[in-house]
Amino acid sequence: MLDIQFIRDNAAIVQEKSKQKGYDIDIQQLLGFDKERRELLQQVEALRRQRNELTAQTKGSKPSEDQITKGKNLRDQVTDLEHKLAAIEKEYEILLKTVPNMPLGDVPIGASEDDNQEVKKVGEPTKFDFKPKSHAEIAEAKGWIDKERAAKVAGSRFAYLKGDLVKLQFAIIQFVIDKLTDSSFLDAIIKENNLQVASTAFTPVLPPYVIRTEVYDAMDRLEPREDRYKLDQDDLWLQGSAEHVLGSMHTKEGIPSEQLPVRYLGYATSFRREAGSYGKDTEGIFRMHQFDKLEMESITDAKTGLEEHKFLIAIQEKLMQDLGIPYRLLEKCTADIGKPNARGVDIDAWLPSQNTYRETHTADYMTDYQARRLSLTAGGKGQLAHTNDATAFALGRTMIAIIENYQTPEGNVRVPDVLQPYMGGKTDI
RNA sequence: GGAAGGGUGUCCGAGUGGUCGAAGGAAACGGUCUUGAAAACCGUCGUGCCGGCAACGGUACCGUGGGUUCGAAUCCCACCCCUUCCGCCA
């Protein structure tokens with residue numbers, strides 16, 4: 001969430017920028033609650049002071065009848081005002097939490113994802129001298145995907161992945177882990193892009209797949225909750241991205257400057273109900289309730305947060321280039337970056353069967369918006385951390401891109417060069 | 001799942017109704033002493049919120065949330081977490 005002091009000092013800006021993100025918040029109403037809350041708080045504290053003074057008078061000896069009467073009277077007044085204060089604070093907090101993070105100055109203003117701005121295209125759309133098939137056609141023919149049986153067991157939008165596709169997934173995982181834990185690989189990216197960040201290697205992490213309501217909410221990733229899976233018997237949700245359980249890992253901690261930046265490469269199976277996307281992307285494994293993902297997460301101080309964001313994007317690009325998949329980079333507009341984001345980009349991979357680019361990556365920079373509610377500081381007392389997350393590879397969609405861009409007329413798939421060592425030297429599957 | 005014990009400041013740890021924001025120790029920081037260092041000694045040493053230009057004042061916080069009481073770290077209830085033992089289990 002935002003700092004209330006910032007909202008008090010910049011009410012008009014907050015109002016305007018919230019609107020640009022598609023959140024029409026009544027800032028004046030929020031400030032009204034804030035004022036009322038502070039007035040009540042002062043009254044409550046004055047009464048508590050009286051009560052404390054009375055207690056100090058009576059300590060050591062039995063209080064007189066008179067003092068007890070006075071105390072009871074004070075207690076009732078305090079309790080009454082505390083209830084009023086609690087009610088106001090609840091309204092205040094609900095409203096405060098609805099205020100989105102402020103977009104950075106370079107974020108394009110827009111009303112929908114159509115207003116996202118293309119920054120560049122890398123690689124030419126793959127050319128074929130035959131009609132390219134969709135990943136679903138190839139994979140089903142190869143026996144790599146079985147959705148019909150998955151439907152019997154788990155319902156729609158689930159799949160069994162089998163055979164060489166599974167090997168390919170693990171090859172990608174191993175490839176990325178090798179690269180991101182190698183600080184010389186990172187250092188080369190830093191130099192090439194002239195970035196001012198440390199070459200600290202990523203720590204690979206296998207996180208828990210479930211997350212408490214309170215923590216999920218503090219990350220501001222619980223909503224929309226109809227897209228989340230809730231565990232019936234516990235106060236737990238299945239995470240929708242490794243980022244949800246990685247970013248929250250250091251909640252209520254202070255990270256000393258010598259340990260910054262904290263960089264994690266998380267691998268997790270993520271779960272999404274895909275509410276509201278019925279009938280969309282039903283072919284193959286493009287949009288699933290369950291998918292595996294390699295996710296980068298980093299915690300920095302305020303000074304280096306933006307540079308870290310650019311670094312994570314540079315890594316995403318480098319990994320895509322290493323796999324040889326044509327892609328485009330989009331700067332997401334105010335309406336599309338997401339509530340906790342100050343800035344965000346998408347990478348879309350070229351999919352020959354759809355003759356277009358489709359989203360495979362996102363990179364999110366949250367400034368201190370998440371850290372404020374997580375009580376996460378970095379580099380000193382009261383200095384809120386800046387958080388960044390970015391997809392390394394969403395494995396399902398990455399394999400779709402590989403299958404479609406590397407397909408042969410015979411319906412085979414060439415293995416990208418960098419992955420061959422992880423596939424036992426196989427060049428085709 | 002059953003039984004027992006426990007969660008207190010940066011850390012260890014005392015505290016079972018008022019004199020407790022909290023003993024004592026360690027660490028850290030400043031100083032005295034010393035050629036220098038160690039030791040010893042002296043001092044400083046939690047955070048949030050509200051008010052204030054500030055100095056400062058107030059308030060809250062002893063796992064979390066309720067409750068009892070004139071008054072709660074301390075008593076009661078619920079929950080969370082940790083440890084040990086038993087059971088079950090990959």
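All chains are named by letter (A, B, ...) in the order of the sequence lines, taking the proteins before the strands, and each is independently numbered beginning at 1. All heavy atoms count here, side chains included; hydrogens, waters and symmetry mates do not.
Atom pair Lys252(A):NZ and G48(B):P shows a separation of 15 Å (rounding to whole Å applied). Put simply, CG on Asp3(A) is 13 Å from P on G48(B), counting in whole angstrom units. Rounded to an integer number of Å, the gap from CD of Glu89(A) to P of A60(B) is 14 Å. Atom-to-atom, CD of Gln383(A) to P of U47(B) comes out at 13 Å; the value is rounded to the nearest Å. Between Leu85(A) atom CG and G58(B) atom P the separation is 20 Å, expressed in whole Å. Rounded to whole Å, the distance from CG on Leu384(A) to C1' on U47(B) is 14 Å. Between the CD atom of Glu82(A) and the C1' atom of A60(B) there is a distance of 10 Å, given to the nearest Å. Going from atom CG of Leu74(A) over to atom C1' of G18(B) covers 16 Å, rounded to whole Å.
Residue pairs satisfying the salt bridge (Lys or Arg N to Asp or Glu O under 4.0 Å) criterion with at least one member in residues 416-427 of chain A, sequence neighbours excluded, are listed as follows: Asp164(A)-Lys426(A). Listed by first then second residue, pairs satisfying ring pair (Phe, Tyr, Trp, His ring centres under 6.0 Å) with a partner in residues 164-201 of chain A number zero, not counting sequence neighbours. Residue pairs meeting the ring pair (Phe, Tyr, Trp, His ring centres under 6.0 Å) criterion with at least one member in residues 20-49 of chain A, sequence neighbours excluded, do not occur. Applying the ring pair (Phe, Tyr, Trp, His ring centres under 6.0 Å) definition to pairs two or more places apart or across chains, none involves residues 89-111 of chain A.
Here, A60(B) and A22(B) have their P atoms 13 Å apart, quoted to the whole Å. Atom name C1', nucleotides G71(B) and G67(B): the rounded distance is 15 Å, in whole Å. Separation of the C1' atoms belonging to G5(B) and G24(B) is 24 Å when rounded to the nearest angstrom. Across the C1' atoms, C62(B) and A72(B) are found 11 Å apart, a figure rounded to whole Å. For the C1' atoms, the distance from A73(B) to G21(B) is 10 Å, rounded to whole Å. The separation of G43(B) from C85(B), taken at their P atoms, amounts to 46 Å, rounded to a whole angstrom. A distance of about 15 Å separates the P atoms of U74(B) and U68(B), rounded to the whole Å. When the C1' atom is compared between G17(B) and G25(B), the two are found 27 Å apart, to the nearest whole Å.
Secondary-structure stems of RNA chain B, taken as three or more successive Watson-Crick or G-U wobble pairs (i with j, i+1 with j-1) under a 3.5 Å distance threshold, comprise B:1-7 with B:80-86, B:10-12 with B:24-26, B:28-32 with B:40-44, B:46-51 with B:56-61, B:63-67 with B:75-79.
Residues from residues 30-50 of chain A lying near RNA chain B, meaning a heavy-atom separation below 4.0 Å, are Arg37(A), Arg38(A), Leu41(A), Gln42(A), Glu45(A), Arg48(A), Arg49(A) in numerical order.
Within 4.0 Å (heavy atoms only), Arg8(A) reaches sugar-phosphate atoms of the nucleic acid but no base atom. Within 4.0 Å of Asn52(A), counting heavy atoms only, lie sugar-phosphate atoms of the nucleic acid but no base atom.
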Can you list, pair by pair, the side-chain donor-acceptor contacts under 3.5 Å of residues 205-217 of chain A, counting residues two or more places apart and other chains?
residue	atom	partner	partner atom	Å
Tyr209(A)	OH	Thr269(A)	N	3.3
Thr213(A)	OG1	Asp235(A)	OD1	2.4
Thr213(A)	OG1	Trp237(A)	NE1	2.9
Tyr216(A)	OH	Arg228(A)	NE	3.1
Tyr216(A)	OH	Gly240(A)	N	3.2
Tyr216(A)	OH	His244(A)	ND1	2.8
Asp217(A)	OD2	Lys97(A)	NZ	3.0
Asp217(A)	OD2	Arg373(A)	NH2	2.7

Taking it one step at a time, do Asp66(A) and Thr69(A) satisfy side-chain hydrogen bond (donor to acceptor under 3.5 Å, both in side chains)?
-> CA-CA 5 Å; Asp66(A) 194 45; Thr69(A) 311; 5.4 Å; no

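We find that Arg48(A) and Glu82(A) are joined by a salt bridge, their nearest charged nitrogen and carboxylate oxygen being less than 4.0 Å apart. Note on Glu148(A) versus Lys152(A): no salt bridge recorded, every NZ/NE/NH1/NH2 to OD/OE distance being 4.0 Å or above.
In this structure Tyr264(A) satisfies the ring-ring contact (aromatic ring centres under 6.0 Å, His included) test together with His250(A), sequence neighbours excluded. Annotation: ring-ring contact (aromatic ring centres under 6.0 Å, His included) contacts of Phe158(A) (sequence neighbours excluded): His289(A). Taking the side chain to side chain donor-acceptor pair (under 3.5 Å) definition, one finds that Ser241(A) meets it with Lys293(A), sequence neighbours left out. For Phe393(A), the ring-ring contact (aromatic ring centres under 6.0 Å, His included) partners two or more places apart in sequence, or in a different chain, are His361(A).
Under the side-chain hydrogen bond (donor to acceptor under 3.5 Å, both in side chains) rule, Ser298(A) has a single partner from His386(A), Glu308(A), Arg263(A), which is Glu308(A).
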Nucleotide-resolved protein contact map, nucleotides 68-82 of chain B, B/S/- at heavy-atom distance under 4.0 Å = --BS--------SS-

